[in-house]
Every structure is written in C-alpha cells, then in structure tokens.
Amino acid sequence: MANGTNGLNDQSQLDVNKILTGKDGQLIITLSDNTELFLAEVDTAQAQLNMNNTDYQPVGSALVFAVPTGHSITLTMSEVVIRDDVLLTKLYDDLKSGHMPVWDFQCKLRRRGEVYQRQVFRNCLPDGNLDLFNLNPGEIIKRAWSFRVNANPELMEWFNTDGSQGSPQ
C-alpha cells in the first residue's frame, strides 16, 4: 500500500513533545556594548514579513500576474513596565540628541534536548505609534512597541525534521 504498510499515512504521525508554546521562546536585545539581554518583561512579541507585489496583466490575458517588488519586516512587542533603562531611556536620549534609536533583537525558541531555533533582526528602528505610558485602572501597565527591521532577518539555528540542530556551515 502507498505511504506505509498498514494503509495509513505514516507522515501524519505527530510527536506532540515537539510542539512549542510561548513559554519556549525568548526575545533578546543586543545592547550597544554587544551585551545580549533577555527581555523577560516582554509578554508578547511577533515578527512579520510583508511581501510587496505589483499587478501585471498582459494584453490578451485574463490572468493578472503578481510581480514581486520588495518586502519589509516589522517586529512588534508588548512590554510590561518593570524597568526603563533598556528601551525607554535610549529612546528619550536619542530623541533628545536628534537621532533615531536602533536596536538588534533575536528570537530564540528552545525545544527539549537543548535544540534551538534562533532568528536575528538587525537595525530595528521605532515605527508608528509607541506607548510612552498607558494607564488603565486595575490592569497591568504595558507599553506597545513597533519596529521596522532595516535588514533581512537571519536564521542562525533551526529545527531539522529528524529533531537535530541545524546551523549554517
């Protein structure tokens, strides 16, 4: 029989021990002195790739084609207000001096057996609206941050199908 000896699709078997949840991830910031710091106060984080296309429809064709023109990456996060010395003071100091602050971030996912996935996001500039403060009685005080990533992301380590660690050679 196709796909196995018992008539079942052997590829559909899933090892649920390999499923990751938010507790298995970390967001890390690289400071100006190249110190890497785990941002334990971040309770949500997300990086998204936005693909840009333009439409092209040749004469005589009913099909409209997508022509790739570029891409952009955004990184967003929500920070529980515990400390100000990592992000907020740098933002204020750089704004005061007439510069835009720039940060590097990395997301690290950890699976049992010390196997990791690690993505790096360099040259991240604040983008859009940033929460300087946000007060709601009875709620935890948080700040929302949004960054434009001005470099292509780098996949430094990854999970292989066999459960082993992958990395660039």
**Request:** Under the side chain to side chain contact (heavy atoms under 4.5 Å, CB included) rule, what do Asp24 and Leu109 come out as? Steps first, then yes or no, please.
**Result:** CA-CA 6 Å; Asp24 300 313; Leu109 303 178; 5.6 Å; no
Side chains of residues 39-53: which donor-acceptor pairs under 3.5 Å do they make with residues two or more places apart or in other chains?
{"unit_1": "Glu41", "atom_1": "OE1", "unit_2": "Arg83", "atom_2": "NE", "d": "3.4"}
{"unit_1": "Glu41", "atom_1": "OE1", "unit_2": "Arg83", "atom_2": "NH2", "d": "3.1"}
{"unit_1": "Glu41", "atom_1": "OE2", "unit_2": "Arg83", "atom_2": "NE", "d": "3.0"}
{"unit_1": "Glu41", "atom_1": "OE2", "unit_2": "Arg83", "atom_2": "NH2", "d": "3.3"}
{"unit_1": "Asp43", "atom_1": "OD1", "unit_2": "Ser78", "atom_2": "OG", "d": "3.2"}
{"unit_1": "Asp43", "atom_1": "OD2", "unit_2": "Lys142", "atom_2": "NZ", "d": "2.6"}
{"unit_1": "Asn50", "atom_1": "ND2", "unit_2": "Asn52", "atom_2": "OD1", "d": "3.3"}

Taking the side chain as every heavy atom from C-beta outward, state whether [X] and [Y] have any atom pair closer than 4.5 Å.
X     : Y      : result
Glu36 : Ile29  : no
Leu91 : Leu132 : yes
Val81 : Arg143 : yes
His71 : Asn152 : yes
Glu79 : Val86  : no
Gln26 : Arg110 : no

**Asked** Can you check side chain to side chain contact (heavy atoms under 4.5 Å, CB included) on Asp84 and Tyr92, steps first, answer last?
**Response** CA-CA 10 Å; Asp84 293 327; Tyr92 275 87; over 6 Å; no
**Asked** Are more than 12 heavy atoms from other residues, nucleotides or ligands located less than 6.0 Å from atom CD1 of Ile82?
**Response**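 Yes.
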**Request:** Might you confirm whether atom CG of Asn160 has over 12 heavy atoms from other residues, nucleotides or ligands at distances under 6.0 Å?
**Result:**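 Yes.
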**CD on Gln106 to CG on Leu75, rounded to 0.5 Å** =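 Between atom CG of Leu75 and atom CD of Gln106 there are 12.0 Å.
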**Item:** Check: Asp55 side chain, Ala66 main-chain N or O, donor-acceptor pair, under 3.5 Å
**Value:**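 It does not hold such a pair.
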**Request:** Just say parallel, tilted or perpendicular for the rings of Phe65 and Tyr56, cut-offs at 30° and 60°.
**Result:**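 Phe65 vs Tyr56 ring planes: tilted.
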**Request:** Give a yes or no on whether the ring-centroid distance for Phe121 and Phe147 is below 6.0 angstrom.
**Result:**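 When the ring centroids of Phe121 and Phe147 are compared, they turn out to be at least 6.0 Å apart.
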**Request:** Mind listing the closest non-hydrogen atom pair of Asn134 and Ile141 along with its distance?
**Result:**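 So the two residues come closest at O-CG2, 3.8 Å.
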